[in-house]
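Fair warning: this is a prediction, and the values are worked out from it, not measured in the lab.
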Amino acid sequence: MPDSTGPIVLAFSGGLDTSFCVPYLRETHGVPVHTVTVNTGGFTAAELADVEARATALGAASHTTIDARAALFERVLRFLIQGNVLRGGVYPLCVGPERVVQAEALVDAAVQIGATRLAHGSTGAGNDQVRFDGALRLLAETRIGSDVQVLAPIRAMNLSREASSAFLAARGVEVSAATTAYSVNRGLWGTTIGGRETHVTDGVLPESAWPHTVAAQDAPDAPLRFTIGFDAGVPVSLDGEAPGPVDLIERISALGEAHGVGRGIHVGDTILGIKGRIAFEAPGALTLIAAHRELEKIVLTRAQLVHKAALAETYGGMVHEGLFFDPLLRDVEAFFASSQQRVTGTATVEFFKGALRVLGVTSPFSLMDARVATYGEGATLWDGRDAEGFTRIYGLQALLAARAAGNGEPPAGNAPTPT
């Protein structure tokens, strides 16, 4: 059994739910609560200082800040780019990947402190509770032991945001109305926004609910063009500069926010089997995926693109659903690494009034070689007789099937018989 007299380590973001957890856990269990903020992006230095001050004011025994942005990129984001992963063709997994490195850092902190109880502020309705619980238990068992306990007070008590706010207000902790109305999670890969409008299928967020992107109509009147360089499927440069992957993502995100790029709303199936709806801002993620996808098209073969897309769907789904540590994902990562060996080159991107366009790509490994064939014109690898023979053979099986159906006509479909 976990040591009920020992300290508790809490994943702390400074938001409403984790702020509630500090005094609640301390008062309920009568033990020190140590807070850990794992910076996976979205924080300024001043904001991190404010989070630490908030943790101290709430009664945390200690506070630790861990910069995990580089780890997040190396562990997960590079593979999301290489896989062009967009859940439902829309959502670039802004939150799920963060939980992997946050769980790892929380367990590391628990080892240092000597804690056997880990806590997080997830509710009982969303995906994060599954991601945190699964990752924390798996990692803690290998690092601490099988007697680790995971606490989730918001879930256990089924608390509303209004109830959490009232609990804190009764203890003299100020909570802004905006914090109560919307749940905003910002990270390196994007920002998610949840609130009353996302709880219904046709809700439209007011302009004030978008925390970082400007409205498209308020974006600059002139387009912005820039070039992203890739090496083996990894973004490495922006307009010729090589700032490092974290800085590169943050720069593109800032540019996109200023031009109204990256807004979206995703509807999908949660891990628990219900439908969920979330708004997001992810200009950096959407830009890099779009640029990488276009570069891949001129480098990879048709078979590579088809089979890679299927594996990317599996990879993204399992990351999103809290199964990052399944060995299958290491196998898929190995496939990605192999497929990306020649995905090297540049992509020119344009932002304008909320729109994102990839204008063109170049690669020394391009398969689109004008010396071999120009679409609509002559080719050097075959002549007209070869092409005519190919067209005779290409549709042969469909022709034989039509003959077998009788009278040389195509097989009947499922359309109703006219009356």
Looking at [Y] and [X], is any side-chain nitrogen of the basic one under 4.0 Å from a carboxylate oxygen of the acidic one?
X      : Y      : answer
Asp239 : Arg225 : no
Arg78  : Glu74  : yes
Glu197 : Arg277 : no
Glu321 : Arg99  : no
Glu27  : Arg171 : yes
Glu281 : Arg186 : no
Arg263 : Glu257 : no
Arg137 : Asp133 : yes

Exercise for the section: Assign the ring pair Phe167 / Tyr24 to parallel, tilted or perpendicular, where the plane angle (0 to 90°) is split at 30° and 60°. Expected result: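 Aromatic pair Phe167/Tyr24 classed perpendicular.
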Practice task
Give me the ring orientation class for His120 and Phe132: parallel if the planes are under 30° apart, tilted from 30 to 60°, perpendicular past 60°.
Solution key: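 Plane angle under 30°, so parallel.
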Problem - More than 12 heavy atoms of other groups within 6.0 Å of Glu47 CD - result: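 Yes.
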Problem - Atom CZ of Arg330: over 12 foreign heavy atoms under 6.0 Å - result: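 More than 12 heavy atoms, drawn from other residues, nucleotides or ligands, come within 6.0 Å of this atom.
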Exercise for the section: Decide yes or no on side-chain hydrogen bond (donor to acceptor under 3.5 Å, both in side chains) for Glu296 and Asn84, but give the supporting numbers first. Expected result: CA-CA 10 Å; Glu296 262 193 345; Asn84 307 315; 2.9 Å; yes
Problem - Lys/Arg cation over aromatic Phe335: Lys308, 6.0 Å, 45° cone - result: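 The answer is no, since Lys308 fails at least one limit relative to Phe335.
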So do [Y] and [X] actually touch side chain to side chain, heavy atoms under 4.5 Å?
X      : Y     : answer
Leu86  : Tyr91 : no
Phe12  : Val36 : no
Ile8   : His29 : yes
Phe324 : Pro97 : no

Problem - is_close_aromatic(Phe352, His259), centroid dist under 6.0 Å - result: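 Not close enough - the centres of the two rings lie 6.0 Å or further apart.
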Practice task
For salt bridge (charged side-chain N to carboxylate O under 4.0 Å, His left out), just list the numbers for Glu174 and Arg54, CA-CA rounded to whole Å, side-chain angles, deciding distance to a tenth of an Å, and then say yes or no.
Solution key: CA-CA 10 Å; Glu174 182 179 353; Arg54 185 172 183 82; over 6 Å; no
